[in-house]
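In what follows, a single structure is set out as C-alpha cells and then discussed.
FYI, side chains are in, hydrogens and waters are out, and symmetry mates aren't considered; it's all heavy atoms of this structure. From a predicted model like this one, the values you see are computed outputs, not experimental measurements. Residue numbering restarts at 1 for every chain, and letters A, B, ... go by the order of the sequence lines.
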There are 2 protein chains.
Amino acid sequence: MTEFNDFFKSAFTVDNAIFGFDEGDLKILLIKRGEAPYKGKWALPGYFVYPSEELDSAAKRVLEELTGLRNVFLEQVETFGTVNRHPFGRVITVAYFSLIKISDYNLQPASIAQKAQWHSISKVNDLAFDHLEILNACFQRLKWLVRTRPVGFELLPPQFTLTALQHLYEAILETDLDKRNFRKKILSMNLLIDLEQTQEGVAHRPARLYEFDRNKYHQFCDEGLNFELKESKKKEAKRAAAHRKKMLQAAV
Amino acid sequence: MTEFNDFFKSAFTVDNAIFGFDEGDLKILLIKRGEAPYKGKWALPGYFVYPSEELDSAAKRVLEELTGLRNVFLEQVETFGTVNRHPFGRVITVAYFSLIKISDYNLQPASIAQKAQWHSISKVNDLAFDHLEILNACFQRLKWLVRTRPVGFELLPPQFTLTALQHLYEAILETDLDKRNFRKKILSMNLLIDLEQTQEGVAHRPARLYEFDRNKYHQFCDEGLNFELKESKKKEAKRAAAHRKKMLQAAV
DNA sequence: CTAAAGGTGTGTCGTTTTTACACTATATCC
DNA sequence: GGATATAGTGTAAAAACGACACACCTTTAG
C-alpha cells in the first residue's frame, strides 16, 4: 500500500451553479472572492469536501450556508480536474447545479455570503479558476434538462402565470416560443393545477395563476422515463405465441 | 494555506466501462482483480490518476493499456465518492464509458490484461467496490445516448448489415423494434453509405452491407444538437425586423 | 432438382404530434 | 370612453410515428 502514498496528496472541491429566475432573466449566484487565489474575482460558490463528507452533502452544505435553502433541486453535472486549475495543488472539482426560487432566497448573514450577488447569465464573462467553463457545462445541462423534465417549476414562485413560465423557458433555451403552442403543450402534460385565481395589481387584463402538481410529476417520472422508440407490439405478441406453442408441444 | 493541508490527503481514480457488442449481445470488459482489495473479484478497469495527469488522459491510458485502442469513443459519465468506498482512504472515482468494436480489440500482452474478459451485461451482478453502481450509471448513459446520437456505429465493425444494427439497438434498449420502422428511421437520417455489396457465406439470402458516414455525422452534430422545441419563426422574423429598424434609425 | 429453411427487404394507411398563424377579451389608467 | 397592455383562444396543413404481411433470395438436405 505504500506504493500508493503518492496518490494521496490531492484534494477535491464541489462547485455549485445556483440558478434563479427573476424579471425575465436567468440568473446565477456568484461570490466575490475575498481571499487568494483569484481575490476580488467572481466565482461559483464552492468549497473543499471534508475528509468524511459525502460529495452530495458537501454540495448541499455549500448551498445551504449561502442561501439557507434545503430540499431544492441539486444534481451532479461533471467533474473538472485539469492539472493546474488550482494554485494550491492538485484539486479536482465536482460541479453541481441547483435550481432555486429567488423569492425563497434570503442572503444568509454569514460573512461569506455578504459578497454574494445574482448575475444575469448572459453577462457573465469572467470568473475565477475554470468556473466559466463549469458554468457553461451547467447551463448546457439545464438547457437539456428543461426539454426533458418539467424542471422549470423549480425556478418560479409557487404560483405563476403561463406567460411567466414561457418567459422562463425562453430565457433558458435562449429562443422565442410560440404562445399558443407552448400553452397547448404545457397544459397537455397535465402537470398544472389551475388555481382559478388571477393576478392582482397589474395594469392590464390579469392572468390566471397556476400551481405545479408534484404528485402528477412523480407519476410522470415513474412512467415516462422510458420515452421514445416504442417496443414492437407484433414481435412481442409473436414471441408470446411461440412460447405458448412450445409449451403445448411439450405437453403432448 | 496551511489551513488547507488536511484536504490534500485524498486520491482519485478513473474507472472505465468499456462496452462492446458481439453475437447479438452487449458486453462489458471486466478485469479479475489480482490484488487486494477485492482480490479475485471482477471490476471495471481503472487506476489512480497520476499527480500530473489529466482525467481524460488517465481514462485513455487505462483503455489503451488494456485494449491497445486509441481514438475511440470515450466520455465522462459521473463521479462517485462515497466516503468509505475504498479501503485505502478517501478515493473518489471519475467514471468514463467507452464504446469499442470488439473486432478491433486485441488483448494486450501486459500482465494486467491477462485477466480481462468480456461479460454479457445482463449477467453481471457482482463487482468489486461500487462498480456495479457505476456500471449501471454508464449503461443508463449509453441507453440515453443511443436515442440521442447515432453512436451505435462505434460498436459495430466498419461494415455491417441493417439487421446487425437493429440487434445492437435492441440489445442496448432492452426491447424489440419493428424492422420496417427501424429501417425507415435509420435510412432517413442519411448517415449510412450503401456499399452495394452483400454478405458472403451465410446460409440464407445475403444482406446488404452499409458503412457509417462520418462526414454527415459531424454535420448532424453541428446542426442537430439544438433538437426539439423549435423557435417560433414568426417572432424570429419580428425580432430581425425590429433589429433592422433600429439599425436604420441609428443610421439616420 | 426440388422443397424446406431461414433471413432479407419492402409500402401503406390511420393516428398523433408538430407547426404556423391572428384576432378578440379584459383589465387599468388617463 | 378611449388608449394601452397583456391574456387567452382554434384550426388547418405537414410531418412523424406506429401497426402490420408477404414476396424474395440463397443455402442445404433429401
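Shown here is A/D194, whose CG atom has more than 12 heavy atoms of other residues, nucleotides or ligands within 6.0 Å.
Atom CZ of A/R205 is separated from atom P of D/dG2 by 21 Å (rounded to the nearest Å). Whole-Å rounding puts the B/R183 CZ to D/dA19 P distance at 18 Å. In this structure, CG of A/L192 is placed 12 Å from P of D/dG8, rounded to the nearest angstrom. To the nearest angstrom, P of D/dG8 lies 7 Å from CG of A/L162. Computed from coordinates, the B/Q199 CD to D/dT26 C1' distance equals 11 Å when rounded to whole Å. Between A/F182 atom CZ and C/dT18 atom C1' the separation is 16 Å, expressed in whole Å.
Donor-acceptor pairing under 3.5 Å, judged by distance alone, is absent between the side chain of B/K179 and the base of C/dT10. A donor N or O paired with an acceptor N or O is not found under 3.5 Å between the base of D/dT9 and the side-chain atoms of A/K184.
Rounded to the nearest 0.5 angstrom, B/L168 CG and B/L155 CG are separated by 5.5 Å.
Closest to the side chain of A/H204, from the set C/dT8, C/dA27, D/dC20, is C/dA27. Comparing atom distances between the A/A207 side chain and each of C/dA20, D/dT28, D/dG8 picks out D/dG8 as nearest.
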